[in-house]
Amino acid sequence: MLASGIMGETGPSLRKMAEHGPGALVTKSIGKEPREGYPNPTLVELPTGYLNCMGLPNPGIMEFADEMPSALSAGLPIIGSIFGANAEEFRDLAIAMEDYGASAVELNLSCPHAKGYGMELGTDPSGVKGIVSSVKSSVDIPVMAKLTPNTERLVLVGEAVQEAGGDGVVAVNTVKAMCINVEMRRPVLSNVTGGLSGPAIRPIGVRCVYELYAALDIPIVGVGGVENWKDALEYMMAGASAVQVGSSLGRKGLDVFREIIAGIELYLNNSEFNSIVEMVGVAHE
Ligand code: DHB
């Protein structure tokens, strides 16, 4: 799947990504009102990933209605990523995404730097339970929660999602991080801190998926630094039923989806596994 945050803000960009082989597309996180995001600099390219503090820029849920027909015309499931400040906002956004034709919603409970959103809500298990329950009782499409690695309570939060009837968890969102410009003697990002993505965080993501798989019965989607078929298999062997790809589209190009799929197929054909499903969680055995 295409991960949230990359090429997912407009219908045409989502449609373009569909041409490159993913099985599903996750939108940029959409909120209630339009948001401009933070002033630049909001992105730093590092040797092993990106550090960003976009600030949840998005057109708002009403405007996003105009993007969905062209996104849906690609013929792939569209997963609507949404962020809210409370359970009511998440509920209303999920209802709208369902009306627009989304196949599932991904609750962004994990943006590492937006005040009053994301990780601030997503590290409190009882709050998470309330948000997921509220969304679950209002829509029929599957509800997944995207979790933050920036907490010791990861498994408790995952359990809260499961107890609330959540259909899956997505692990992980970006790792809270910062860079300093030594010449300027100042933080590089306008917001001081941001979220680190890319290969730098893959071992963190794999560890989180492994811990969640040991504790949960609902499916897990692995994300964070997947750049090739081996990375994808690492997540699957830790317990992920699917993976998402984000930063590597910028680092390696749009062929990465097809390269990952071809590599997994080759691996499967040369292994004793009959299907990819048999590999999920094998590292636990
Ligand atoms: C943003 C949102 C995220 O969920 C994240 O991990 C990083 C950045 C953002 O829009 O600022």
Side-chain angles (χ1 to χ4, degrees), residues 1-10 13-14 25-46 48-61 63-64 67 79-85 89-90 93 97 105-123 128 131 144-151 154 157 161 169-179 187-202 204-205 208-209 221-226 243-251:
M1 299 180 199
L2 170 71
S4 183
I6 294 221
M7 302 293 283
E9 206 176 310
T10 71
S13 69
L14 285 160
L25 304 166
V26 187
T27 70
K28 172 75 183 157
S29 294
I30 306 297
K32 216 174 145 192
E33 305 292 342
R35 266 173 77 104
E36 286 220 337
Y38 297 140
N40 286 327
T42 51
L43 181 71
V44 189
E45 190 169 355
L46 299 169
T48 54
Y50 297 113
L51 177 62
N52 91 86
C53 66
M54 306 314 290
L56 295 166
N58 80 100
I61 193 70
E63 285 280 313
F64 195 67
E67 307 299 332
I79 300 172
S81 171
I82 53 180
F83 71 93
E89 281 191 21
F90 272 103
L93 292 161
M97 281 292 187
V105 284
E106 181 181 282
L107 313 182
N108 182 344
L109 295 169
S110 41
C111 173
H113 53 70
K115 211 155 169 37
Y117 294 106
M119 183 176 114
E120 286 189 14
L121 310 173
T123 48
V128 166
I131 291 169
M144 307 189 291
K146 187 164 179 181
L147 307 185
T148 177
N150 304 303
T151 175
L154 171 79
V157 173
V161 173
V169 290
V170 182
V172 291
N173 206 320
T174 52
V175 176
K176 189 172 184 179
M178 74 179 286
C179 286
V188 177
L189 292 177
S190 65
N191 184 61
V192 180
T193 64
L196 183 63
S197 61
I201 72 164
R202 193 175 62 252
I204 299 171
C208 290
V209 168
V221 178
V223 54
V226 175
V243 296
Q244 296 179 349
V245 175
S247 296
S248 67
L249 297 165
R251 289 166 48 83

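Every number for a ligand or one of its atoms is a count from 1 in the order of the listing.
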Heavy atom of G118 under 4.0 Å from ligand 1? no
Where's the contact between T42 and ligand 1, heavy-atom distance under 4.0 Å: side chain, backbone, both or neither? neither
For ligand 1, is P57 a contact, meaning one of its heavy atoms is under 4.0 Å away? yes
Under 3.5 Å: donor-acceptor pair, side chain of S190, backbone of P39: yes
Applying a strict 4.0 Å limit to heavy atoms, is G55 in contact with ligand 1? yes
Can you pull out the closest protein heavy atom to atom 8 (C) of ligand 1? Residue, atom name and distance to 0.1 Å, please. N52 OD1, 3.0 Å
Interfacing atoms of ligand 1 (cut-off 4.0 Å, heavy-atom, C53): 11 (O)
When you look for heavy atoms under 4.0 Å from ligand 1, do you find them on the side chain of N173, its backbone, both, or neither? side chain
If we only count heavy atoms from C-beta on, is the L46 to C179 side-chain gap below 4.5 Å? yes
pair I201-P149: side-chain heavy atoms closer than 4.5 Å: no
Closest non-hydrogen contact found for E45 with Y50 is CG-CE2, 3.7 Å
Whether the side chain of N108 engages the backbone of S29 through a donor-acceptor N/O pair (distance < 3.5 Å, no angle test) should be reported. no
Under 3.5 Å: donor-acceptor pair, side chain of T42, backbone of C53: no
Relative to the heavy atoms of K28, which atoms of ligand 1 are at a distance of less than 4.0 Å? 9 (C), 10 (O)
Looking at ligand 1, would K146 count as a contact under a 4.0 Å heavy-atom criterion? no
Could you verify whether a donor N or O on one side chain and an acceptor N or O on the other, from T151 and T123, lie under 3.5 Å apart? no
Give me the residue, atom name and distance of the protein heavy atom closest to atom 2 (C) of ligand 1. C111 SG, 3.3 Å
Parallel under 30°, tilted from 30 to 60°, perpendicular over 60°: which one fits the rings of Y38 and H113? tilted
Any G195 heavy atom less than 4.0 Å to ligand 1: no
Between L56 and ligand 1, is there a nitrogen or oxygen pair with a distance under 3.5 Å? yes
Work out whether the distance between some heavy atom of S110 and some atom of ligand 1 is less than 4.0 Å. no
Indicate, as side chain, backbone, both or neither, the part of K176 found under 4.0 angstrom from ligand 1 when only non-hydrogen atoms are considered. neither
